[in-house]
Amino acid sequence: MSRQYTLQRTPRSTSIHLDYAAELNEQQLAAVTAEPGPLLVIAGAGSGKTRTLTYRVAYLLENGIDPRNILLLTFTNRAAREMLGRVANLLPVDASELWGGTFHSVGNRILRRHGSALGYSSGFTIMDREDQKDLIDTVVANAGIDPKEIRFPKGDVLAEIFSFVVNTEKPLEELLVEKFPYFLPLLDKIQDVHERYEKKKKATNSMDFDDLLEKTLSMFQEHERIAEVYRRQFQFILVDEYQDTNKIQADLVDLLARDHRNVMVVGDDAQSIYSWRGANFQNILEFPKRYPDGQVFKIEMNYRSVPEILEVANAAIAANVQQFRKHLSSTRESKALKPALVALNDGAEQAQFVAQRILELRDENVDLNDIAVLYRAHYHAVELQLELSRRGIPYQITSGIRFFEQAHIKDVTAFIRFVANPRDEVAFKRMVKLLPGIGNRTAENLWQAWAAGVVAADVDRGSEKESQAAGVSASGYSFGEPLQAMNVSAKSKKMWTQLAHTLDEIAPGGQPNPPSEMITSIVEAIYDDYAKVNFTNYELRREDLDQLAVFARQFKDVHEFLSQLALISNVDAEATSVQGADKEAVNLSTVHQAKGLEFHTVFVIWLTDGMFPSSRSLDTRDALEEERRLFYVAITRARDELYLTYPQMRLSGGYGDVFQRPSRFLQEIPNELLEDWQVRRR
DNA sequence: TACGTGGCGCTTTTT
DNA sequence: GCGCCACGTA
């Protein structure tokens, strides 16, 4: 028999500081002060979701919960930082020991500690989509698949398929039937590639984004002792944006909360917009089934938008079949100003309209930072960017390519990745291919030679699994020496020697220098010359690299630096001001990236059928409903003014102009809710 | 085997 | 307007 013994909480603060009843509305208060247990908070847009979560954390802390026992999972790292910042403002507590961040970053943190249980060393590399594609391509090549004989999916397509398999926890065959039926004849071969890819990742001590979730989960499932540690640690689990979790994330939460069931999930089914990434909003719809003893709270009072905007939002989402019906009601006073519906001739005119309105708004003292232009896809913004530049209106764009995904950044970090993880095949090949006379074939041969040495080194060390990668770089080790010993063509010889020296310089005795110093060394010794010759915009790229060195200064540990690089989102990066500039600027963003934000004025542009909704989403009802939710998200970002614009013509390169139909979503909104603006040229 | 050249197809959303 | 691929040459 086992005995249940409860340790009493040590009260941290003797008095309760916050007057919760005064700071929160009734619905929020109920959620914030709920008894421990499963809690589902259905939070409409602008209803104070973040506020509720923040106060819940504060409430737990004030009731003596140790910050170490709280896990706060958010959609971006920035969201976690902001919430914890607010908690710190509310309470005189040090919450720095509270775990907060994205599922991926938390997975990373746990795997760095316990990855050895799965045969990974703590210095594993995190691969982004491009690395993943590269590695899959080499795997396909090694699998003896001749691209001339059969048409086989490319690395990026396979990466997407594998990612779906992991995130939805579906067998490959089922997934192919549903999403890629035309690949069914290749099932066996794809399966084979998948297995080889998994092995390859292990051999190169690398994990892709999905592994950070999947490996964490499987480690918990296979190693009860480790799972137990975290079950005990995370006594209270809070999840933001729960509607955008996928199966594996939901399982992770369920597993951790198995014993205590203190899990609070917050979300809005109407804002689920990531199904293409495996998100499944059934997670939120079925939460009450999985936790029948749980409590459900609905917070539906909207503090953000004026009633006129909210009515449009309610109308916009009404056509969706799959949803928790709810009706947002506004707490704000009517402005007697209806959202605008604006038809324009073409994209250029649309850009002129937006730009002109922005200038007028600025004259009315609306802060430029408080204005956003939202669109379905990045390329919808090109004309607008031109127009804004022409008029000297500063803008800030959360771009599609992340800063850290640019070629020059990845080239330089390849050197760092390699010395941090000498088994990183992708990084090694990328690095050596920068040298003249080294292409795919030679890189492969050089890698084979290097890998043989690494394995030998592991054997010498008596193959302590713990320290495989770290072991190779243990004291007295040189990266340069074994490289010098390899054969390269006369054409490459000079730079090859240079490379060997550089590696010893950045990792003397096998120990990597601080990241910032490494960057400077690599750029000066090798990359600067390379960049001058290979890029037309050398100056810009050099500036980026200098910026990278500055950014790197805050990290002393290589692995920490590389993890950050891989896991930071562009929304996060902006806040870290990697790209500088926190001056006044209009925000240009995809709707996806604007999730969770709000602005005084919002323009939603390119509202034509095929653009928004995207033509790719017109086939199935589910896809169309998701587009509609996306439209809903766009509308509900606006506090005071909303402009819905659509060009009637699209100038497409070469083939003449194409007439555009107004978005079907616009037709779903009753006329009387919008004001028709007739735009005239003069 | 590396790398330059010309043609082609094409454009969703991202941790 | 851009990147990817196939092809041909050094």
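Just so it is clear: chains get the letters A, B, ... in the order the sequence lines come, proteins before strands, and each one is counted from 1.
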Colleague: Which nucleotide in the set B/dT11, B/dT15, B/dT13 lies at the smallest distance from any side-chain heavy atom of A/W276?
Modeller: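 Taking heavy atoms from C-beta onward, the closest nucleotide is B/dT13.
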
Colleague: Of all residues at least two apart in sequence or in a different chain, which pass the salt bridge (Lys or Arg N to Asp or Glu O under 4.0 Å) check with A/E625?
Modeller: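 So A/E625 forms no salt bridge (Lys or Arg N to Asp or Glu O under 4.0 Å) with any residue.
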
Colleague: Distance check, C1' atoms only: B/dT13 and C/dC4, in whole angstrom units.
Modeller: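 It works out to 22 Å between them.
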
Colleague: Report the distance from atom CG of A/D128 to atom C1' of B/dT15, rounded to the nearest whole Å.
Modeller: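 Atom-to-atom, A/D128 to B/dT15, this comes out as 11 Å.
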
Colleague: May I ask you to check whether A/S163 and A/N167 show a side-chain donor-acceptor distance below 3.5 Å?
Modeller: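 Short answer, yes.
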
Colleague: Name all residues meeting the side chain to side chain donor-acceptor pair (under 3.5 Å) criterion together with A/H408; count only those two or more places apart in sequence or in a different chain, and write none if there are none.
Modeller: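 Per chain and number, A/H408 pairs via side chain to side chain donor-acceptor pair (under 3.5 Å) with A/R541, A/D544.
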
Colleague: Taking only side-chain N and O atoms of A/T590, does any of them lie within less than 4.0 angstrom of OP1 or OP2 on B/dT14?
Modeller: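 For B/dT14, OP1/OP2 do have a side-chain N/O of A/T590 under 4.0 Å.
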
Colleague: Given atom CD of A/E241 and atom P of B/dT15, what is their separation to the nearest angstrom?
Modeller: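 Rounded to the whole Å, the gap is 13 Å.
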
Colleague: Which sits closer to the 5' end of DNA chain B, A/S614 or A/S105, going by the nucleotide each is nearest to?
Modeller: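 Result: A/S614.
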
Colleague: For A/Q498, enumerate each residue passing the side chain to side chain donor-acceptor pair (under 3.5 Å) test, keeping only those at least two apart in sequence or located in another chain.
Modeller: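 Checked A/Q498 against side chain to side chain donor-acceptor pair (under 3.5 Å); zero matches.
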
Colleague: Starting from P on B/dT15, measure out to CD on A/E160 and report it in whole angstrom.
Modeller: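 To the nearest whole Å, that distance equals 15 Å.
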
Colleague: Over how many whole Å does the gap from A/L73 atom CG to B/dT15 atom C1' extend?
Modeller: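 After rounding, the gap between these two atoms is 13 Å.
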
Colleague: By salt bridge (Lys or Arg N to Asp or Glu O under 4.0 Å), which residues pair with A/E383, not counting sequence neighbours?
Modeller: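 Partners of A/E383 by the salt bridge (Lys or Arg N to Asp or Glu O under 4.0 Å) criterion come out as none, since no residue qualifies.
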
Colleague: Check every atom of B/dT15, B/dT13, B/dT11 against the side chain of A/Y379 and return the nucleotide holding the closest atom.
Modeller: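 Closest of the options to the side chain of A/Y379: B/dT11.
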
Colleague: Respond yes when some side-chain nitrogen or oxygen of A/Q593 is under 4.0 Å from OP1 or OP2 of B/dT14, and no when none is.
Modeller: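 For A/Q593, the contact criterion (side-chain N or O under 4.0 Å from OP1 or OP2 of B/dT14) is met.
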
Colleague: Is any side-chain N or O of A/H378 closer than 4.0 Å to OP1 or OP2 of B/dT14?
Modeller: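 Checking A/H378 against B/dT14: at least one side-chain N or O falls below 4.0 Å of OP1 or OP2.
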
Colleague: For nucleotides 3-10 of chain C, tabulate all protein N/O to nucleotide N/O atom pairs closer than 3.5 Å, reporting atom names and distance.
Modeller:
none

Colleague: Counting Watson-Crick and G-U wobble pairs whose two distances are both under 3.5 Å, find the runs of 3 or more in a row that involve DNA chain B.
Modeller: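 For DNA chain B the paired stretches long enough to count as stems (3 pairs minimum) are B:1-9 with C:2-10.
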
Colleague: Between P on B/dT15 and CG on A/D244, what's the gap in Å once rounded to a whole number?
Modeller: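 Interatomic distance, CG of A/D244 to P of B/dT15: 12 Å.
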
Colleague: Tell me: CG of A/D156 to C1' of B/dT13, nearest whole Å?
Modeller: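 Whole-Å distance recorded here is 16 Å.
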
Colleague: Check salt bridge (Lys or Arg N to Asp or Glu O under 4.0 Å) between A/R277 and all other residues, then give those that pass, not counting sequence neighbours.
Modeller: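 Scan of A/R277 (salt bridge (Lys or Arg N to Asp or Glu O under 4.0 Å), adjacent residues dropped) gives none.
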
Colleague: Thinking salt bridges, do A/R441 and A/E444 make one under a 4.0 Å N-O criterion?
Modeller: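 The answer is no: the pair does not qualify as a salt bridge.
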
Colleague: Can you list everything that forms a side chain to side chain donor-acceptor pair (under 3.5 Å) with A/R113? Sequence neighbours excluded, please.
Modeller: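 By the side chain to side chain donor-acceptor pair (under 3.5 Å) rule, A/R113 matches A/Y230.
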
Colleague: Could you tell me how far apart A/Y632 (OH) and B/dT13 (C1') are, to the nearest whole angstrom?
Modeller: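 Rounded to the whole Å, the gap is 20 Å.
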
Colleague: Reading nucleotides 1-8 of chain B from the 5' end, what letters show protein touch, with B for base, S for backbone sugar-phosphate only, - for no heavy atom under 4.0 Å?
Modeller: SSS-----

Colleague: Could you check whether A/F103 and the base of B/dT15 form a stacked pair, meaning centres closer than 5.5 Å and planes differing by less than 30°?
Modeller: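 Stacking between A/F103 and B/dT15: absent.
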
Colleague: Among residues at least two apart in sequence or on other chains, which ones pass salt bridge (Lys or Arg N to Asp or Glu O under 4.0 Å) with A/K133?
Modeller: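 In terms of salt bridge (Lys or Arg N to Asp or Glu O under 4.0 Å), with neighbours along the sequence ignored, A/K133 is linked to A/D137.
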
Colleague: Rounded to whole Å, how long is the line connecting atom CE of A/M611 with atom C1' of B/dT13?
Modeller: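 A/M611 atom CE is separated from B/dT13 atom C1' by 14 Å.
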
Colleague: Which residues pass the side chain to side chain donor-acceptor pair (under 3.5 Å) test with A/E349, not counting sequence neighbours?
Modeller: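 Side chain to side chain donor-acceptor pair (under 3.5 Å) list for A/E349, sorted by chain: A/N345, A/R681.
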
Colleague: Decide if the gap between the ring center of A/F415 and the ring center of A/Y527 is smaller than 6.0 angstrom.
Modeller: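 They do not qualify: ring centres at least 6.0 Å apart.
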
Colleague: Which residues pass the ring pair (Phe, Tyr, Trp, His ring centres under 6.0 Å) test with A/F209, sequence neighbours left out?
Modeller: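 Ring pair (Phe, Tyr, Trp, His ring centres under 6.0 Å) list for A/F209, sorted by chain: empty.
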
